Protein chains: 2
Amino acid sequence: MFQAAKQTKVFQDVVAQIQEAILDGRLKTGDTLPSERQLKDTFNISRGTLREALRVLEQKGLIEIKLGVGGGSVVKDLNADQVSEGLALLIRSQKVSLNHLAEFREDVEGIVAARAAARSSAADIDKLTELLGAARKCIDAGLSQRNAFIEIDKRIHMTLAQVTANPIYISVLHSVHDNIHRYYDEFLSMDERELQENYQDLCDLVQAVEKGQADHARQLARDHVHRFNQYMKSREQAKKDNYAAENIKPQIP
Amino acid sequence: MFQAAKQTKVFQDVVAQIQEAILDGRLKTGDTLPSERQLKDTFNISRGTLREALRVLEQKGLIEIKLGVGGGSVVKDLNADQVSEGLALLIRSQKVSLNHLAEFREDVEGIVAARAAARSSAADIDKLTELLGAARKCIDAGLSQRNAFIEIDKRIHMTLAQVTANPIYISVLHSVHDNIHRYYDEFLSMDERELQENYQDLCDLVQAVEKGQADHARQLARDHVHRFNQYMKSREQAKKDNYAAENIKPQIP
DNA sequence: ATCATAGAATGGTTAGACCATTATAATATT
DNA sequence: AATATTATAATGGTCTAACCATTCTATGAT
């Protein structure tokens with residue numbers, strides 16, 4: 001006849017209320033919530049319960065909790081970090097392999113390049129060209145600037161994502177890069193020729209974007225990423241082989 | 001001379017330890033952690049602090065906390081929910097509009113269709129054909145089964161994502177559907193002809209996948225989604241117009 | 001003026017108690 | 001004997017009250 005009432009726990013109610021206030025704009029980025037001792041009275045709950053709620057909001061990326069006298073819960077500017085962390089957990093925990101991620105990246109970078117080609121402004125091209133110039137300098141400086149080159153490579157891709165003017169691409173690509181670098185950093189050791197190839201890829205790509213050649217840009221981006229993936233895979237394989245050589249008969253537990 | 005030691009708060013250390021245990025496989029899906037009163041002694045912390053840690057792990061999607069005597073913290077099977085929730089927050093909070101999401105969906109569904117076409121097995125085609133049959137029945141049953149049709153449409157797309165054998169596509173598409181339906185459900189009211197068109201789209205798409213025509217499948221999927229998007233946009237516009245008509249002079253705050 | 005110091009506000013943590021929910025075992029009922 | 005009811009105990013949920021740790025700010029010393 002009757003059904004269960006209020007399943008929600010107290011702290012969940014608090015989470016919901018504060019979250020709504022933030023999403024509705026009643027609380028804006030940078031705003032500081034009242035202190036815990038005030039809030040607990042406002043909600044008429046204990047401080048422990050309130051803190052559980054705040055921890056959840058923090059984990060959601062909605063607030064940031066600062067220590068000290070000027071501290072408190074500050075409304076954060078939402079970004080892709082939570083999506084990125086979620087993706088990272090999926091990758092680390094289970095079904096998602098690096099191959100999966102590499103394949104996905106190939107597709108996404110292709111899409112981003114195509115969309116960027118259809119929308120780039122003169123200012124966008126300027127920025128990309130500037131980055132290309134910085135990349136050029138890294139290469140000329142030799143292998144010592146290898147990491148700097150990789151960083152600029154990443155920024156070029158992220159800039160393309162920004163050119164699409166679609167924040168989802170920015171977030172997704174950011175997540176992909178976050179996670180792919182977490183695994184690939186240890187293998188980063190391109191030689192001179194590979195650096196040159198990568199640089200040429202990027203030049204061609206930016207040119208295609210500038211000319212608005214969406215399909216061509218897509219293909220160039222895909223090839224570029226694909227080559228990078230192949231390169232990393234071979235590095236990984238080499239590492240495994242090396243390991244095998246050192247341990248002629250690996251102990252199987 | 002010296003640098004800051006241990007910035008991490010106690011509860012963060014606990015989160016990290018339990019998370020690592022789960023990701024390393026020392027704790028498996030379905031395992032129940034010791035009770036809070038035991039855990040607090042194990043970690044040598046207070047129960048409140050422990051509970052903050054558990055709340056964070058829960059929000060991360062790593063554990064589920066059950067009430068009652070058989071209850072406790074159970075290790076969850078990770079899924080795309082966190083990614084989905086993160087995306088939802090991005091959409092609700094700020095820069096992400098429905099147009100952004102619709103555009104992204106168009107691209108993703110295209111990719112998924114292409115990848116699926118390159119990898120489908122006979123069993124996959126059987127499953128898709130079965131779903132098409134169910135969709136056919138919904139249409140024949142008339143508009144009353146409209147929602148059922150939408151549901152099957154969604155399942156067909158998700159099945160294609162599974163065919164790609166890349167869990168990232170499954171997660172991403174799941175997130176997109178989650179979020180797009182949250183906004184579109186209110187507009188769902190296709191007429192007979194639109195249902196027919198959608199059904200035909202799906203038939204063509206499955207056929208292309210069966211034949212392994214990746215590019216064709218991609219284009220069909222994109223067109224299908226694009227049509228759906230246009231349709232929803234017009235519905236939304238109609239709703240706005242209707243609102244405007246009811247409120248000749250909308251009050252601007 | 002500049003630097004050191006004390007104070008106060010805030011989050012971080014602890015301890016112990018009691019409430020609410022739920023599976024299980026013991027008991028009563030048929 | 002089978003079933004329904006009831007008590008029991010274990011577990012998470014919440015509360016209270018205190019103290020610790022960090023950090024900004026104002027005060028005071030140099």
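So you know, we letter chains A, B, ... as the sequences are listed, proteins then strands, and number each from 1. These numbers were taken from a predicted model, which means no experiment stands behind them.
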Listed partners of A:K60 passing salt bridge (charged side-chain N to carboxylate O under 4.0 Å, His left out), at least two apart: B:E85
Residue list, salt bridge (charged side-chain N to carboxylate O under 4.0 Å, His left out) with A:D126, at least two apart or on another chain: none
A:E64 CD - C:dG12 P separation (whole Å): 11 Å
Partner set under salt bridge (charged side-chain N to carboxylate O under 4.0 Å, His left out) for B:R119, not counting sequence neighbours: A:E103
With the criterion being N/O to N/O and under 3.5 Å, what pairs connect the protein with nucleotides 13-17 of chain D, and how long is each?
unit_1: D:dG13; atom_1: OP1; unit_2: A:K9; atom_2: NZ; d: 3.3
unit_1: D:dG13; atom_1: OP2; unit_2: B:R51; atom_2: NH1; d: 2.9
unit_1: D:dG13; atom_1: OP2; unit_2: B:R51; atom_2: NH2; d: 3.3
unit_1: D:dG13; atom_1: OP2; unit_2: B:R55; atom_2: NH2; d: 3.4
unit_1: D:dG13; atom_1: N7; unit_2: B:R47; atom_2: NH2; d: 2.7
unit_1: D:dG13; atom_1: O6; unit_2: B:R47; atom_2: NH1; d: 2.9
unit_1: D:dT14; atom_1: OP1; unit_2: A:V10; atom_2: N; d: 2.5
unit_1: D:dC15; atom_1: OP2; unit_2: A:S46; atom_2: N; d: 3.0
unit_1: D:dC15; atom_1: OP2; unit_2: A:S46; atom_2: OG; d: 3.3
unit_1: D:dC15; atom_1: OP2; unit_2: A:T49; atom_2: OG1; d: 3.0

Residue list, salt bridge (charged side-chain N to carboxylate O under 4.0 Å, His left out) with B:E106, at least two apart or on another chain: B:R222
Residue met sooner reading DNA chain D from 5', once A:G70 and B:G70 are mapped to nucleotides: B:G70
Non-neighbouring partners of B:Q162 that pass side-chain hydrogen bond (donor to acceptor under 3.5 Å, both in side chains), sequence neighbours left out: none
